[in-house]
Amino acid sequence: MVTYQDLFKGYYKGKKILITGHTGFKGSWMSLILSKLGADVYGYALDPYTKPNLFESAKINELVTSYIGDIRDHSKLFDVVNKIKPDIVIHMAAQPLVRESYRKPMETYEVNVMGTINLLEVIREVGGVTVTVNVTTDKCYENREWHWGYRENEAMGGKDPYSSSKACSELVTSSYRSSFFNPENFENHKMALASARAGNVIGGGDWSDDRLIPDFIRSIIDNKKIEIRNPKAIRPWQHVLECLYGYLTLIEKASRGEKKYCDAWNFGPDESNSRNVEWIVSELCGMWGDQASYSITPSNDFHEANYLKLDCSKAKNELKWFPRWDISTTLEKTVQWNKAFMNGEDAREISFKQIEEYFLAD
């Protein structure tokens with residue numbers, strides 16, 4: 001029987017790991033996983049910006065050493081990193097919403113671009129970090145609305161400020177890798193720098209604004225139809241555990257210092273699991289029951305991509321990472337988590353159960 005100690009060859013046990021953005025949706029799930037893997041987890045982030053939120057609901061502050069601070073605050077970030085002296089840094093702190101980026105473009109660029117620069121500068125100044133992964137997004141690619149997946153060597157771009165800022169963050173990462181953490185000189189600096197681009201992640205514990213699943217759950221609570229604004233938009237939907245599994249696989253491989261791992265990586269679902277918004281919502285309504293329903297309310301307020309897929313051949317071939325849950329399982333797990341939480345079950349235990357189902361399944 002597989003145990004947590006068997007995963008990743010026991011690499012994470014006892015490692016000091018700093019997660020920026022640990023109070024967010026993905027950061028909270030990553031904190032839960034790493035606590036199970038026996039890591040010594042630290043976090044640096046702003047307070048959670050939604051009520052409720054997974055960080056507080058699952059009492060993650062009991063599992064990690066948490067520092068509240070702004071990723072743009074170089075002095076405070078330096079003090080925290082210098083105090084921790086982490087082995088590994090997972091950079092997730094971001095302004096993560098497309099529509100919010102139209103409302104606050106300057107803040108979006110400051111957080112997503114200068115925040116990344118701040119962190120990489122602090123890592124240079126403190127030293128001792130062996131692996132850093134900058135978590136960006138599938139939206140960093142110059143979207144040409146074509147029908148095949150984007151590969152890691154495609155052009156960066158983005159029409160909206162969020163996508164553009166994440167493309168900039170990728171370019172910053174590439175520049176720092178070439179200039180200061182070049183894998184050709186690994187023996188001198190001893191740090192592997194990579195970036196990870198994931199698709200639309202879903203799962204229990206996400207209460208963000210302007211996201212499909214949280215909007216669906218809110219409509220259920222309010223006994224209203226969910227309104228969808230872009231029903232035919234196709235996205236690479238995947239459970240949050242899928243991409244986190246990819247990041248952890250990448251970190252373990254990159255720690256060896258091999259050049260091929262110090263690069264950009266896509267983590268998305270298989271081709272068959274890229275579905276449009278209306279299909280996703282229709283499936284969710286059927287799984288939830290209780291007369292859950294939806295309506296279409298087109299919105300042209302902001303530009304949003306209609307067609308977006310990732311080519312994950314590189315991760316499959318080089319990292320031996322493969323998605324484990326298809327889209328139906330992903331939606332079922334998301335519905336199960338939210339129903340259990342709404343029925344008063346403990347958020348941490350619900351999450352640990354799903355982590356076990358994902359990682360320790362035969």
Would you check if there is a donor-acceptor pair between the side chains of Asn53 and Thr50 at a distance under 3.5 Å? no
Between Asn143 and Tyr150, do the side chains contain an N or O donor and an N or O acceptor separated by less than 3.5 Å? yes
Any side-chain heavy-atom pair of Leu7 and Val2 under 4.5 Å: yes
Excluding Met342, membership of its hydrophobic cluster (Ile, Leu, Val, Met, Phe, Trp, Tyr; side-chain heavy atoms within less than 4.5 Å) reads Ile202, Leu212, Ile213, Phe216, Ile217, Ile220, Ile221, Ile226, Ile228, Trp237, Val277, Trp279, Ile280, Val281, Leu284, Met287, Trp288, Tyr294, Ile296, Ile327, Leu331, Val335
Side chains of Ser165 and Asn112: any donor to acceptor distance under 3.5 Å? yes
Is a side-chain donor-acceptor pair under 3.5 Å present for Tyr42 with Ser66? no
Residues Ser169 and Asn134: side-chain donor-acceptor under 3.5 angstrom: yes
Residues in side chain to side chain contact (heavy atoms under 4.5 Å, CB included) with Glu62, at least two apart? Lys59, Arg348
Between Trp265 and Lys314, is there a cation-pi geometry (under 6.0 Å to ring centre, at most 45° from the normal)? yes
NZ or CZ of Lys320 within 45° of Phe322 ring axis and under 6.0 Å: no
Asp79 and Lys76 ion-paired at < 4.0 Å: no
According to the interplanar angle, ranging from 0 to 90°, do the rings of Tyr358 and Trp325 count as parallel (below 30°), tilted (30 to 60°) or perpendicular (above 60°)? perpendicular
Taking the six-membered ring of Trp207, is the NZ or CZ of Lys51 close enough (under 6.0 Å from the centre) and on axis enough (within 45°)? no
Quiz question: by atom type and distance under 3.5 Å, do the side chains of Asp326 and Ser328 form a donor-acceptor pair? no
Between the side chains of Lys316 and Asp270, is the shortest nitrogen-to-carboxylate-oxygen separation below 4.0 Å, so that they form an ion pair? yes
Partners passing side chain to side chain contact (heavy atoms under 4.5 Å, CB included) against Met156 (at least two apart in sequence or in another chain): Cys140, Tyr141, Ala167, Glu170, Leu171, Arg197
